[in-house]
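Note sheet for the following structure.
Computation of the quantities below employed the complete heavy-atom set of this structure, encompassing side-chain atoms and omitting hydrogens, waters and symmetry-equivalent molecules. Counting begins at 1 with the first residue of the sequence.
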Amino acid sequence: MSAGSHTSRHGDAVPADWTREPERSNATALRVMSWIALHCGRRVARWVLHPITLYFLLFAAGPRRHSRRYLGRALGRPARLADAYRQVHAFASTILDRVYFLSGRMDLFDVQVHGESLIDATLADGRGAFLVGAHLGSFEALHVVGRTRPALRIAMVMYPDNARLINSALAAVAPDFRADIIALGRMDSMLAIRDWLDAGGLAGMLADRSLPEGSSTRSSSVSLSFLGQPAEFNDGPFRLAALLRRRVVFMTGLYLGGNRYEVRFAPLADFSERAGDPAERERQIRAALQAYADRLEALCREHPYNWFNFHDFWRDDAPRR
């Protein structure tokens, strides 16, 4: 057992935080899947997703357990194995479609976009903004929006080692694609984000993961009611937006099955005007975090199989004190 894990009451190792969880991916398998996708077509590739989904459900006991717990809360009834299968299959489908999105094959998809005017207004403003999303659906569906907006520049603010196997495999099938990534946890991270925004870029962050203890001195975890149970949310993205005085836009690319996606943009918070009173700024940050959790909860109930957080979000397996 590694130093970054503890033993759950179910008897298996549980990582102390999600950033230390091993990636459930294999570079060779991903490259084979990408080859099938590009040479055999999406219809054939989608058939291959079924054995992949079955393998995941059979041999990933921890994620399977967390999936069924989440689905039970989102569906309002005990989750069946068929529900977990549907969620994992949806996740695998979005991973497959990444290959096509990054290769420019937008013609394969039916993508509906809502809230485009909000992005156009943000681009016209020229000050940039934060796009805050979740592990919900597909972030790559944004490429459909960017196809008609050359000025749309998005950098993901993230831990650079996260999901590196998937990114390297996709780079092999789309060598001309270059993702803009601003790494967290470095001395110049804040300056890099500020400069990107000042140039009119958008900074994307996924805010449905609590950052591990000690990862940021400017953020804190806040316990909020989520799907009927207390859960920890990190206010870091909103503190960052308040510090840099930017707007925050909620973004998601929902997977609706088959070749259908729905991209949504909605206003979440506006920190353009700095609050003179520190207490007022804290209130604004807390309100933005609550609005985010409420929006995510509503989407999880509306599209329960789209949330791809296969870890112990509610910390049900954490040791009881």
Side-chain angles (χ1 to χ4, degrees), residues 14-21 23-24 62-63 65-75 87-88 90-91 94-95 130-142 154 156-159 162-163 166 181 184-185 202-213 215-216 219-241 248-255 262-269 285-318:
V14 179
D17 64 71
W18 65 267
T19 61
R20 300 188 183 191
E21 293 186 18
E23 299 170 72
R24 295 194 173 274
R65 181 171 67 250
H66 303 321
S67 169
R68 296 185 72 173
R69 285 173 176 166
Y70 152 67
L71 288 170
R73 288 162 175 153
L75 296 169
Q87 184 194 20
V88 175
F91 174 60
T94 62
I95 294 298
F130 284 92
L131 283 184
V132 176
H135 293 79
L136 189 81
S138 173
F139 195 87
E140 280 71 28
L142 256 181
I154 302 174
M156 286 302 299
V157 179
M158 60 187 293
Y159 289 94
N162 198 29
I166 292 178
I181 296 176
L184 286 171
L202 303 179
M205 303 183 73
L206 304 182
D208 55 342
R209 295 267 176 101
S210 290
L211 298 181
E213 186 176 349
S215 63
S216 176
S219 65
S220 59
S221 291
V222 179
S223 179
L224 300 175
S225 177
F226 184 67
L227 295 175
Q229 295 291 329
E232 296 293 318
F233 286 85
N234 191 271
D235 62 8
F238 306 100
R239 287 193 178 279
L240 190 56
V248 182
V249 175
F250 186 91
M251 175 272 166
T252 187
L254 297 166
Y255 175 62
E262 183 179 310
V263 176
R264 298 183 186 178
F265 299 101
L268 196 61
I285 292 171
R286 179 61 180 266
L289 182 62
Q290 183 68 63
Y292 172 82
D294 290 344
R295 188 173 293 275
L296 179 59
E297 179 180 76
L299 286 170
C300 285
R301 295 194 186 280
E302 182 182 352
H303 296 279
Y305 305 108
N306 261 245
W307 197 42
F308 306 136
N309 244 332
F310 297 101
H311 75 289
D312 191 8
F313 190 78
W314 285 269
R315 302 189 180 183
D316 294 310
D317 290 346

Considering all heavy atoms, the nearest [X]-[Y] contact:
X      : Y      : result
Pro304 : Leu71  : O-CD2, 3.8 Å
Ala288 : Phe238 : CB-CD2, 3.7 Å
Asn234 : Leu289 : O-CD1, 3.7 Å
Leu227 : Glu297 : N-OE2, 2.5 Å
Tyr292 : Ala134 : OH-CB, 3.4 Å
Arg301 : Gly228 : NH2-N, 4.4 Å

Flag the pair [X] / [Y] as yes when at least one side-chain heavy-atom distance between them is below 4.5 Å, and no otherwise.
X      : Y      : answer
Leu202 : Val249 : no
Met251 : Phe139 : yes
Asn309 : Tyr70  : no
Trp307 : Cys300 : yes
Phe226 : Trp314 : yes
Glu140 : Thr94  : no

### Task
Give a yes or no on whether the ring-centroid distance for Phe313 and Phe233 is below 6.0 angstrom.
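Phe313 vs Phe233: aromatic centres under 6.0 Å.
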### Task
Walk me through it: do Arg286 and Asp235 pass the test side-chain contact (heavy atoms from CB on, under 4.5 Å)?
CA-CA 8 Å; Arg286 179 61 180 266; Asp235 62 8; over 6 Å; no
When rounded to the nearest 0.5 angstrom, what is the spacing between [atom1] in [X] and [atom2] in [Y]?
X      : Y      : atom1 : atom2 : value
Asp294 : Leu299 : CG    : CG    : 11.0 Å
Ile154 : Leu142 : CD1   : CG    : 4.5 Å
Asp312 : His66  : CG    : NE2   : 4.5 Å
Arg73  : Gln229 : CZ    : CD    : 5.0 Å

### Task
Run the numbers on Phe310 and Gln87 for side-chain contact (heavy atoms from CB on, under 4.5 Å), then give the verdict.
CA-CA 10 Å; Phe310 297 101; Gln87 184 194 20; 3.5 Å; yes
### Query
Mind checking what makes side chain to side chain donor-acceptor pair (under 3.5 Å) contact with Thr252, not counting sequence neighbours?
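Thr252: no side chain to side chain donor-acceptor pair (under 3.5 Å) contacts found.
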#### Entry: side-chain contact (heavy atoms from CB on, under 4.5 Å) between Gln290 and Val222, intermediate numbers included
CA-CA 10 Å; Gln290 183 68 63; Val222 179; over 6 Å; no
### Task
Could I get the full list of salt bridge (charged side-chain N to carboxylate O under 4.0 Å, His left out) partners for Arg295, not counting sequence neighbours?
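Arg295 satisfies salt bridge (charged side-chain N to carboxylate O under 4.0 Å, His left out) with no other residue.
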### Message
Checking His303 against Leu136 for the side-chain contact (heavy atoms from CB on, under 4.5 Å) test, could you report, in this order, the C-alpha distance in whole Å, the side-chain angles of both residues, the deciding distance, and whether it holds?
### Response
CA-CA 9 Å; His303 296 279; Leu136 189 81; 5.9 Å; no
### Query
Would you find a donor on one side and an acceptor on the other, under 3.5 Å apart, between the side chain of Asn306 and the backbone of Leu254?
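Not at all, since once roles are kept as given, no pair shorter than 3.5 Å links the two residues.
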### Task
For the pair Arg65 and Asp316, evaluate salt bridge (charged side-chain N to carboxylate O under 4.0 Å, His left out) and give the outcome as yes or no after the intermediate values.
CA-CA 10 Å; Arg65 181 171 67 250; Asp316 294 310; over 6 Å; no
